[in-house]
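All of these numbers come straight from a predicted model, not from anything done at the bench. Letters A, B, ... mirror the listed sequences (proteins, then strands); counts begin at 1.
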Amino acid sequence: MARSRTLKLATFNINGIGARLPQLLAWLEQARPDIVALQELKATDAAFPAAELEQAGYGAIWQGQRSWNGVALLGRGTVPVESRRGLPWDRSDTQSRYLEAAIHGIVVGGLYLPNGNPQPGPKFDYKLAWMRRLYRHAATLVDLPHPVALVGDFNVVPTDEDIYDPTGWRKDALLQPEVRGEYARLLAQGWTDALRRVHGDARIYTFWDYFRQHAERDRGLRIDHLLLNPVLAARLVDAGVDRSVRLQPKASDHAPTWVTLRTSGATRRRKA
DNA sequence: ATGTCCCGGATGCCGGGA
């Protein structure tokens, strides 16, 4: 029996799963990802469309919240095996922003990092505190002998090469040096930023705001990231952004962002 | 400051968040 050579792992900030379920289902059918992390569900647990996703062939776990935030993990033909709900070290944090599970043999941490605007202010402080908690938790994952991915909307523009024009965004929380420093510190644990690894210095964006036809003009930001631990990075084949999804009617302001990974145990492809 | 879109309250728009 033929087996697929690769797994596709995607992250997608859906910006309201209630308003965009048809678009989500259409993308799942077309792109056929094996693993999906969703952010900004903007739906309560009860409103999560588990039945529709199951009908589409996906098992799911989710952590909803009224109006804001909310994350989910999907597995094609399987139900994710949950390993963590929320980051450790702050029981007072009730925002639904982190969900972790084993899916198709990969430990996937799906995250929706706080936006942090306006800065300075309490929201920015919360963002930095959240990043430091993520750093501590990621340190327990990076060197595991298992494949691990941290994926989601990081709300971090890592460098000025990751935005169409940084000048108008200089005071934005997504570009602040402290935030970039925390992201760099995280990568330095040993994580591979998959989009950058595959595309080098090429301009590549994952988010285009709703203003001034920025999507059509490709004036975007790269803020959705897929970080792979060394075990998983060794299996990286390709990475990309499904930008056409962003150009459709009633689109989310983010596009699905994905990697393909050699199946565990698969032999390295050789040139004919 | 602006631009646009989603969500929820108790709307026939507004505030909050992004």
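B:dT11 and B:dC6 have their C1' atoms separated by 15 Å, given to the nearest Å. A gap of 15 Å separates the P atoms of B:dG16 and B:dT2, to the nearest Å. Spacing between B:dG8 and B:dG3 at atom P, rounded to whole Å, works out to 25 Å. The separation of B:dA1 from B:dG12, taken at their P atoms, amounts to 29 Å, rounded to a whole angstrom.
Within 4.0 Å of A:Phe207, counting heavy atoms only, lies no atom of the nucleic acid at all.
The side-chain tip of A:Arg136 points at the ring of A:Trp89 from less than 6.0 angstrom away and within 45° of straight on. A cation-pi arrangement is found for A:Arg185 relative to A:Tyr135, the charged atom lying closer than 6.0 Å to the ring centre and inside a 45° cone about the ring normal.
By the 30° and 60° cut-offs, the orientation of the rings of A:His214 relative to A:Tyr164 is tilted. Between A:Tyr183 and A:His225, the angle of the ring planes lies from 30° to 60°, which puts this pair in the tilted group.
The side chain to side chain donor-acceptor pair (under 3.5 Å) with A:Arg222 is formed by just one residue from the set A:Thr257, A:Thr159, A:Asp193; it is A:Asp193.
For A:Ile223 and B:dA18, the CD1 to P distance is 12 Å, given to the nearest whole Å. For the pair A:Glu40 CD and B:dG17 P, the interatomic distance rounds to 13 Å; values are reported in whole Å. Between the CG atom of A:Asn13 and the C1' atom of B:dG17 there is a distance of 12 Å, given to the nearest Å.
Heavy atoms of other residues, nucleotides or ligands lying less than 6.0 angstrom from CD of A:Glu29 number 12 at most.
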If a protein heavy atom is under 4.0 Å from the base, mark B; if only from the sugar-phosphate, S; if neither, -; do that for nucleotides 3-9 of chain B going 5' to 3'.
BBSBSSS

